[in-house]
A.B. asks: 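Okay, handing you the structure first.
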Protein chains: 2
Amino acid sequence: MKIHSFKTNESGLNRFFGPLEAKIMHILWNGPEMAIKDVQARLAKEQAINFNTVMTVMNRLVDKGVLRKRAQGRVSLFQPTQSLEQFLETQSKELTNDLLEEFGPLVVNHMLDALEEADPALIEQLEQKIQALKKER
Amino acid sequence: MKIHSFKTNESGLNRFFGPLEAKIMHILWNGPEMAIKDVQARLAKEQAINFNTVMTVMNRLVDKGVLRKRAQGRVSLFQPTQSLEQFLETQSKELTNDLLEEFGPLVVNHMLDALEEADPALIEQLEQKIQALKKER
DNA sequence: ACCTCACACTACCTATTGTAATGTTCACAA
DNA sequence: TTGTGAACATTACAATAGGTAGTGTGAGGT
């Protein structure tokens with residue numbers, strides 16, 4: 001399985017995951033390899049949560065290929081298969097490709113407006129890249 | 001209701017809609033205001049389909065705000081609330097914004113690569129826009 | 001031998017999408 | 001006037017995704 005949907009009405013990790021999934025990924029990305037119990041403990045700081053619930057969701061994340069499970073004696077330790085940076089890299093690349101593939105010129109038209117809103121400095125960055133590309137040829 | 005998910009494993013309208021929904025929108029976008037029966041007839045050219053199935057899905061599309069229903073005597077006529085162009089415009093704008101909001105610099109890095117793959121002419125278009133923007137200031 | 005703990009298995013709930021049976025209403029024809 | 005059919009409304013079931021949690025199983029320590 002893989003991530004196959006980007007939610008426009010959410011933000012952050014919730015764009016790729018369900019709310020509980022997102023919390024779990026957040027914990028695993030901001031800590032070491034962990035057992036279910038450890039993740040449950042972290043989650044329980046906010047809100048009591050059943051051990052089995054955490055286990056089920058974590059196993060589903062393994063099925064999806066975003067977590068890796070490793071047996072350590074009696075317990076299983078979990079960690080993301082990719083770093084957060086790699087994950088965002090992969091996702092943003094795929095989305096960017098999909099967007100251009102799907103919309104082409106439309107996206108180019110929106111790009112600048114969007115860049116201005118998000119962070120004008122990015123426009124500079126983009127121009128630099130265009131210039132660099134031109135020199136190559 | 002609104003569109004709130006962009007599917008990376010599909011293409012075209014199927015990125016925004018379920019497969020039957022997509023076919024229905026395709027028909028309504030490429031023809032005049034239509035009754036359910038008309039849509040059903042078009043769909044049936046490929047594959048027999050129950051009238052009620054078409055009706056249910058079309059009414060759901062009305063609930064989502066992408067179709068408008070208008071009573072015409074005994075029958076209801078349906079048409080998209082936006083033209084296909086407007087719809088794609090809206091979606092691509094929203095996605096572009098979301099992408100930059102979420103990933104910022106990462107997207108800028110991927111943009112050029114993606115542009116080259118999709119259509120090198122788009123890079124020109126982008127550069128033109130950057131220049132135009134600079135003159136404004 | 002037994003108890004506990006971690007894990008597996010199973011199931012239920014909600015939402016979304018596809019599917020379709022059943023119920024209702026009303027115009028028009030016989 | 002009655003009844004028939006067309007169009008719509010209502011309801012429901014299946015599949016999938018995600019959240020929740022009960023029950024079953026097995027291995028280690030006591």
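Just so we're on the same page: letters track the sequence lines, and every chain starts at 1.
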A.B. asks: Taking only side-chain N and O atoms of A:N52, does any of them lie within less than 4.0 angstrom of OP1 or OP2 on C:dA8?
C.D. replies: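 No, because none of the side-chain N or O atoms of A:N52 sits under 4.0 Å from OP1 or OP2 of C:dA8.
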A.B. asks: Tell me whether B:M34 shares a hydrophobic cluster with B:I49, the cluster being built from Ile, Leu, Val, Met, Phe, Trp, Tyr side chains joined at under 4.5 Å.
C.D. replies: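 As far as the 4.5 Å side-chain criterion goes, B:I49 and B:M34 are connected within one cluster.
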A.B. asks: Give a yes/no answer on whether the side chain of A:K37 brings an N or O atom under 4.0 Å of OP1 or OP2 in C:dC7.
C.D. replies: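 False: A:K37 side-chain N/O out of range (4.0 Å or more) of C:dC7 OP1/OP2.
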A.B. asks: Base, sugar-phosphate, or nothing for B:V75, non-hydrogen atoms under 4.0 angstrom?
C.D. replies: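 If one applies the 4.0 Å heavy-atom cut-off, B:V75 turns out to touch the sugar-phosphate alone, with no base involved.
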A.B. asks: Within the structure shown, what part of the strands sits under 4.0 Å from A:T56 by heavy-atom distance: base, sugar-phosphate, or nothing?
C.D. replies: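 Touches a base.
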A.B. asks: Looking across every strand, which nucleic acid part, if any, lies under 4.0 Å from B:K23 by heavy atom: base, sugar-phosphate, or nothing?
C.D. replies: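 B:K23: no heavy atom of the nucleic acid under 4.0 Å.
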A.B. asks: Whole angstrom is fine here: how far is it from CG in A:L67 over to P in C:dC7?
C.D. replies: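 After rounding, the gap between these two atoms is 14 Å.
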A.B. asks: Closest approach to the side chain of A:T53, judged atom by atom: which nucleotide of C:dC7, D:dA21, D:dA9 is it?
C.D. replies: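 From the listed options, D:dA21 comes nearest.
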A.B. asks: Quick check on C:dA8: is either OP1 or OP2 less than 4.0 Å from any side-chain nitrogen or oxygen of A:K69?
C.D. replies: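 For C:dA8, OP1 or OP2 has a side-chain N or O of A:K69 closer than 4.0 Å.
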A.B. asks: Taking side-chain contact (heavy atoms from CB on, under 4.5 Å) as the criterion, tell me which of B:V39, B:L20, B:N52 meets it with B:V57.
C.D. replies: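 Option passing the side-chain contact (heavy atoms from CB on, under 4.5 Å) with B:V57: B:L20.
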A.B. asks: Rounded to the Å, how far apart are A:N50 CG and D:dT20 P?
C.D. replies: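 Checked: the CG to P distance equals 9 Å.
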A.B. asks: Is B:N59 close enough to D:dC8 that one of its side-chain N or O atoms is under 4.0 Å from OP1 or OP2 there?
C.D. replies: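 Looking at the OP1 and OP2 atoms of D:dC8, neither is under 4.0 Å from any side-chain N or O of B:N59.
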A.B. asks: Would you mind reading off the distance between B:Q40 atom CD and D:dC8 atom P, rounded to a whole angstrom?
C.D. replies: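 That distance rounds to 11 Å.
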A.B. asks: What integer distance in Å separates A:M58:CE from D:dA21:P?
C.D. replies: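 Whole-Å distance recorded here is 17 Å.
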A.B. asks: In terms of side-chain heavy atoms of A:F51, which of C:dC9, C:dG18, C:dA6 is nearest?
C.D. replies: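 Among C:dC9, C:dG18, C:dA6, the one nearest the side chain of A:F51 is C:dA6.
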A.B. asks: Using a distance-only criterion (donor-acceptor N/O pair, under 3.5 Å, no hydrogens), is the base of D:dG29 paired with the side chain of A:R74?
C.D. replies: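 Absent.
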A.B. asks: Whole Å only: how far is the CE atom of A:M55 from the P atom of D:dG22?
C.D. replies: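 Going from A:M55 (CE) to D:dG22 (P), I get 12 Å.
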A.B. asks: I need the CD1-C1' distance between B:I3 and C:dT16, as an integer number of Å.
C.D. replies: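 Answer to the nearest Å: 12 Å.
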A.B. asks: Tell me whether the rings of B:F16 and B:F87 are parallel (<30°), tilted (30 to 60°) or perpendicular (>60°).
C.D. replies: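 Perpendicular: the ring planes of B:F16 and B:F87 meet at over 60°.
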A.B. asks: May I ask you to decide whether A:E21 forms a salt bridge with A:K64, counting only side-chain N to carboxylate O separations under 4.0 Å?
C.D. replies: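 Salt bridge flag = yes for A:K64 with A:E21.
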A.B. asks: Check the distance between C:dG18's C1' and B:N14's CG and give it to me in whole angstrom.
C.D. replies: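 These atoms are roughly 13 Å apart.
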A.B. asks: Please pick, from C:dT19, D:dT20, C:dC7, the nucleotide with the shortest atom-to-atom distance to any side-chain atom of A:R60.
C.D. replies: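 Looking only at side-chain atoms, A:R60 lies closest to D:dT20.
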A.B. asks: How many whole angstroms separate atom CD of B:E10 from atom P of D:dT16?
C.D. replies: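 Answer to the nearest Å: 14 Å.
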A.B. asks: Quick one: closest heavy-atom pair of B:Q125 and A:P105, and the distance?
C.D. replies: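 Closest approach of B:Q125 to A:P105, heavy atoms only: NE2-O, 3.6 Å.
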